[in-house]
S.K.: 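This is the structure I have questions about; it appears just below.
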Amino acid sequence: MDRSSMLDHFAEELRLARATTGLSQSALAEALSYSGALVAKVETCERRPGLDFARRCDAVFGTDGRFERIQRRISRETVVPWFRDWAGIEQEATGLRWFEPLCVPGLLQTEGYARALLSGGGLFAPDEVEQQVATRLDRQAVLTRDRPPLLSVVVDEHVLHRRIGGPEVMREQLQRLVKLGSTLPRVRIHVVPMSAGAYPGLAGHFVIATSPAGEDVVYLEGQRHGQAVDRADFVQEMVEVWESIRGEALSQQQSLDLMAEMAETWT
């Protein structure tokens, strides 16, 4: 079976096991300690089940490792080319380690900055731009919910100098970064100074998300689409890249001071 067939197979086995035991989706979710929304998405193949999810299914249904075996066959594939899948991962994550060498990360962007960024180059029609801006701003609610993820962001200092949308937009954006980094205890923002020279992060943007079960997924973004990768050796490699980048960055306070200083230069 290919990956999509294995995903279908997992969903079918889950629906069958649930029907056999007479459990509703919400009752199963409670037994698994996962959200009802996640159970529903796994059953409709919208989300790929994690290893912990599969093991808990085996425990609840007494299926002697069947769900884990199917899950492991799904995970031999390295790529999930759906942003909707990443959007779900991002919203459920307990931690996000985000490196961005070119622009301010989406979760930290102001409306003006996001609009200027998405309007650049004329790739999107005005209504598409507005739709994407609204979606991006909606995603930011994750930072102020009851149990927000621990968001650790590292940006290259060039991000503070790159003019996106003009001086006013840049000043507002940098002031917002300082505010978020100062007032939200689970948001940490660091800057790699230009003096660092060449370092591993120059290869490009990536995000490492940690799931509630402690599993990591790496998100890589291209020009028009992204991909989430959970292959263990690749994830480990990217964690090492992250640690190396983090080692080049200024401390949180030094970074906030630099961003505040740069905000004043955008007049």
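This is a predicted model, so every value here is computed, not measured.
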S.K.: When you compare the side chain of Leu177 with that of Val104, does any pair of heavy atoms fall below 4.5 Å?
M.R.: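 Yes, at least one pair of side-chain atoms sits under 4.5 Å.
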
S.K.: Should Glu264 and Arg171 count as side-chain neighbours, where that means a heavy-atom distance under 4.5 Å?
M.R.: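 Side chain of Glu264 against side chain of Arg171, heavy atoms only: contact under 4.5 Å found.
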
S.K.: Would you say Leu184 and Val142 are hydrophobically clustered, going by side-chain heavy atoms of ILVMFWY under 4.5 Å?
M.R.: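 Same hydrophobic cluster.
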
S.K.: Using modelled atom types and a 3.5 Å cut-off, is there a donor and acceptor pairing between side-chain atoms of Gln254 and backbone atoms of Ser251?
M.R.: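 A pair under 3.5 Å: yes.
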
S.K.: Could you pull out the closest heavy-atom pair between Val153 and Pro105, with the gap in Å?
M.R.: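 Of all heavy-atom pairs spanning Val153 and Pro105, the closest is CG1-CG, 3.7 Å.
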
S.K.: Can you confirm whether more than 12 heavy atoms, excluding those of Arg176, are under 6.0 Å from its CZ atom?
M.R.: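 Atom CZ in Arg176 is packed in, count exceeds 12.
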
S.K.: What's the separation between atom CG in Leu258 and atom CG in Leu174, rounded to the nearest 0.5 Å?
M.R.: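 Between atom CG of Leu258 and atom CG of Leu174 there are 9.0 Å.
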
S.K.: Should the heavy atoms of other residues, nucleotides or ligands under 6.0 Å from CD of Glu130 be counted, would the total exceed 12?
M.R.: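 Yes, enclosed.
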
S.K.: Can you check side-chain contact (heavy atoms from CB on, under 4.5 Å) on Val217 and Val229, steps first, answer last?
M.R.: CA-CA 6 Å; Val217 178; Val229 185; 6.0 Å; no

S.K.: Checking Thr94 side chain against Thr210 main chain: does a donor-acceptor pair fall under 3.5 Å?
M.R.: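 Answer holds: yes.
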
S.K.: Between Val235 and Glu215, does the side-chain contact (heavy atoms from CB on, under 4.5 Å) criterion hold? Intermediate values first, please.
M.R.: CA-CA 10 Å; Val235 170; Glu215 296 166 346; over 6 Å; no

S.K.: Which atom pair, heavy atoms only, marks the closest approach of Met259 to Val191?
M.R.: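 Closest pair (atom of Met259, atom of Val191, distance): CG-CG2, 4.1 Å.
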
S.K.: Check for a donor-acceptor pair, side chain of His205 on one end and backbone N or O of Glu100 on the other, with a separation under 3.5 Å.
M.R.: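 Not a single qualifying donor-acceptor pair exists.
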
S.K.: Given the rule that I, L, V, M, F, W and Y join up when any side-chain heavy atoms are under 4.5 Å apart, are Leu102 and Met238 in one cluster?
M.R.: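 Each belongs to a different hydrophobic cluster.
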
S.K.: Hydrophobic clusters here meaning ILVMFWY residues chained together by side-chain heavy-atom distances under 4.5 Å, can you tell me if Met6 and Leu16 are in one?
M.R.: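 Looking at the clustering, Leu16 is in a separate group from Met6.
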
S.K.: Just how far is it from atom NE2 of His190 to atom OG of Ser255, taken to the nearest 0.5 Å?
M.R.: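 Nearest 0.5 Å value for the NE2-OG distance: 6.0 Å.
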
S.K.: Should the ring pair Phe206 and Phe99 be called parallel, tilted or perpendicular, given that the plane angle runs from 0 to 90° and is split at 30 and 60?
M.R.: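 Judged by the thresholds at 30° and 60°, the geometry between Phe206 and Phe99 is tilted.
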
S.K.: Give the minimum heavy-atom separation between Pro149 and Gly95, together with the two atoms involved.
M.R.: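 For Pro149 and Gly95, the tightest heavy-atom pair comes out as CB-N, 4.1 Å.
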
S.K.: Start with the C-alpha gap between Asp233 and Arg231, add the side-chain angles, then the distance that decides, and say whether salt bridge (charged side-chain N to carboxylate O under 4.0 Å, His left out) holds.
M.R.: CA-CA 6 Å; Asp233 58 340; Arg231 203 181 70 226; 2.7 Å; yes

S.K.: Between Glu111 (side chain) and Leu137 (backbone), is there a donor-acceptor pair under 3.5 Å?
M.R.: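 Here the side-chain-to-backbone pair does not exist.
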
S.K.: Report yes or no: do Leu108 and Leu150 belong to one cluster of Ile/Leu/Val/Met/Phe/Trp/Tyr joined by side chain heavy-atom distances under 4.5 Å?
M.R.: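 No; Leu150 is not reachable from Leu108 via cluster members.
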
S.K.: If you apply the rule side-chain contact (heavy atoms from CB on, under 4.5 Å), what do you find for Glu172 with Tyr113, and how did you get there?
M.R.: CA-CA 9 Å; Glu172 181 190 26; Tyr113 188 96; over 6 Å; no

S.K.: A side-chain contact here means heavy atoms from C-beta on lying under 4.5 Å apart; do Leu250 and Pro193 qualify?
M.R.: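 Yes. Closest side-chain heavy atoms under 4.5 Å.
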
S.K.: Would you give the length of the straight line joining atom SG of Cys57 to atom CD of Glu13, rounded to the nearest 0.5 angstrom?
M.R.: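 Rounded to the nearest 0.5 Å, the SG-CD separation comes to 11.0 Å.
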
S.K.: So, taking the atom named CD in Glu261 and the one named CG in Leu256, what distance separates them when rounded to the nearest 0.5 Å?
M.R.: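 One gets 12.5 Å once the value is rounded to the nearest 0.5 Å.
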
S.K.: Looking at Gln252 and Gly181, would you say the former's side chain and the latter's main chain have a donor-acceptor pair under 3.5 Å?
M.R.: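 Pair found, side chain donor or acceptor close to backbone of Gly181.
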
S.K.: Going by the angle between their ring planes, with limits at 30° and 60°, are Phe67 and Phe10 parallel, tilted or perpendicular?
M.R.: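 Perpendicular.
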
S.K.: Taking the side chain as every heavy atom from C-beta outward, state whether Val129 and Arg115 have any atom pair closer than 4.5 Å.
M.R.: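 Yes, side chains in contact.
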
S.K.: Should we count CD of Glu243 as having more than 12 external heavy atoms under 6.0 Å?
M.R.: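 Buried by this count: over 12 neighbours within 6.0 Å.
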
S.K.: Mind checking whether Leu107 and Trp98 have side chains closer than 4.5 Å, heavy atoms only?
M.R.: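 Yes, side chains in contact.
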
S.K.: Without swapping roles, check the side chain of Thr183 against the backbone of Lys179 for a donor-acceptor pair under 3.5 Å.
M.R.: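 Yes.
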
S.K.: Determine, step by step, whether Phe53 and Leu38 satisfy the side-chain contact (heavy atoms from CB on, under 4.5 Å) criterion, reporting the C-alpha distance in whole Å, the side-chain angles of both residues, the deciding distance to 0.1 Å, and the verdict.
M.R.: CA-CA 10 Å; Phe53 184 94; Leu38 179 63; 4.1 Å; yes

S.K.: State whether Lys41 and Glu92 are salt-bridged, where the test is any N-O pair (Lys NZ or Arg NE/NH1/NH2 against Asp/Glu carboxylate O) under 4.0 Å.
M.R.: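 Between Glu92 and Lys41 there is no salt bridge, as every charged N stays at least 4.0 Å from the carboxylate O atoms.
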
S.K.: Between Gln109 and Gln173, do the side chains contain a donor N or O and an acceptor N or O under 3.5 Å apart?
M.R.: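 Distance-only check fails for Gln173 and Gln109.
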
S.K.: Under a 4.5 Å cut-off applied to non-hydrogen side-chain atoms, are Asp230 and Val218 in contact?
M.R.: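 No; the side chains remain at least 4.5 Å from each other.
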
S.K.: Please report the interatomic distance CG(Leu151) to CG(Leu96), rounded to the nearest 0.5 Å.
M.R.: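 Here the interatomic distance stands at 6.0 Å.
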
S.K.: Check whether Trp266 reaches the backbone of Leu160 with its side chain - one donor and one acceptor, N or O, closer than 3.5 Å.
M.R.: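 Pair found, side chain donor or acceptor close to backbone of Leu160.
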
S.K.: Using a 3.5 Å distance criterion without hydrogens, assess whether the side chain of Ser33 forms a donor-acceptor pair with backbone atoms of Ala29.
M.R.: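 Such a contact is absent between Ser33 side chain and Ala29 backbone.
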
S.K.: Quick check against the 3.5 Å criterion: does Arg18 have a side-chain atom that pairs as donor or acceptor with the backbone of Leu23?
M.R.: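 Indeed, once roles are kept as given, a pair shorter than 3.5 Å links the two residues.
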
S.K.: Under 3.5 Å, is there a donor on one side chain and an acceptor on the other for Gln132 and Glu128?
M.R.: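 Not at all, the side chains of Gln132 and Glu128 share no donor-acceptor pair under 3.5 Å.
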
S.K.: Which heavy atom in Tyr199 sits nearest to a heavy atom in Glu248, and how many Å separate them?
M.R.: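 Closest heavy-atom pair between Tyr199 and Glu248: CB-CG, 4.0 Å.
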
S.K.: What closest approach, in Å, do Arg163 and Gly166 show between heavy atoms, and which atom pair accounts for it?
M.R.: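 Reported closest heavy-atom pair: NE-CA, 3.7 Å.
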
S.K.: Quiz question: by atom type and distance under 3.5 Å, do the side chains of Gln131 and Asp127 form a donor-acceptor pair?
M.R.: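 Distance-only check fails for Gln131 and Asp127.
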
S.K.: Should Tyr34 and Arg56 count as side-chain neighbours, where that means a heavy-atom distance under 4.5 Å?
M.R.: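 Tyr34 vs Arg56: side chains touch.
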
S.K.: Does any part of the side chain of Arg139, heavy atoms only, come nearer than 4.5 Å to the side chain of Gln91, both counted from C-beta?
M.R.: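 SC-SC contact between Gln91 and Arg139 confirmed.
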
S.K.: Salt-bridge test for Asp64 and Arg66: reply yes if a basic N is under 4.0 Å from a carboxylate O, no otherwise.
M.R.: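 Salt bridge: no.
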
S.K.: So, taking the atom named CD1 in Ile189 and the one named OG in Ser152, what distance separates them when rounded to the nearest 0.5 Å?
M.R.: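 It comes to 10.0 Å.
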
S.K.: Main chain of Cys45, side chain of Asp8: is a donor-acceptor contact present, judged purely on distance under 3.5 Å?
M.R.: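 A pair under 3.5 Å: no.
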
S.K.: If the threshold is 4.0 Å, N to carboxylate O, is there a salt bridge linking Arg15 and Glu43?
M.R.: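 No, this pair does not count.
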
S.K.: Minimum heavy-atom separation for Arg145 to Pro148, with atom names?
M.R.: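 Taking every non-hydrogen atom into account, O-CD, 3.3 Å.
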
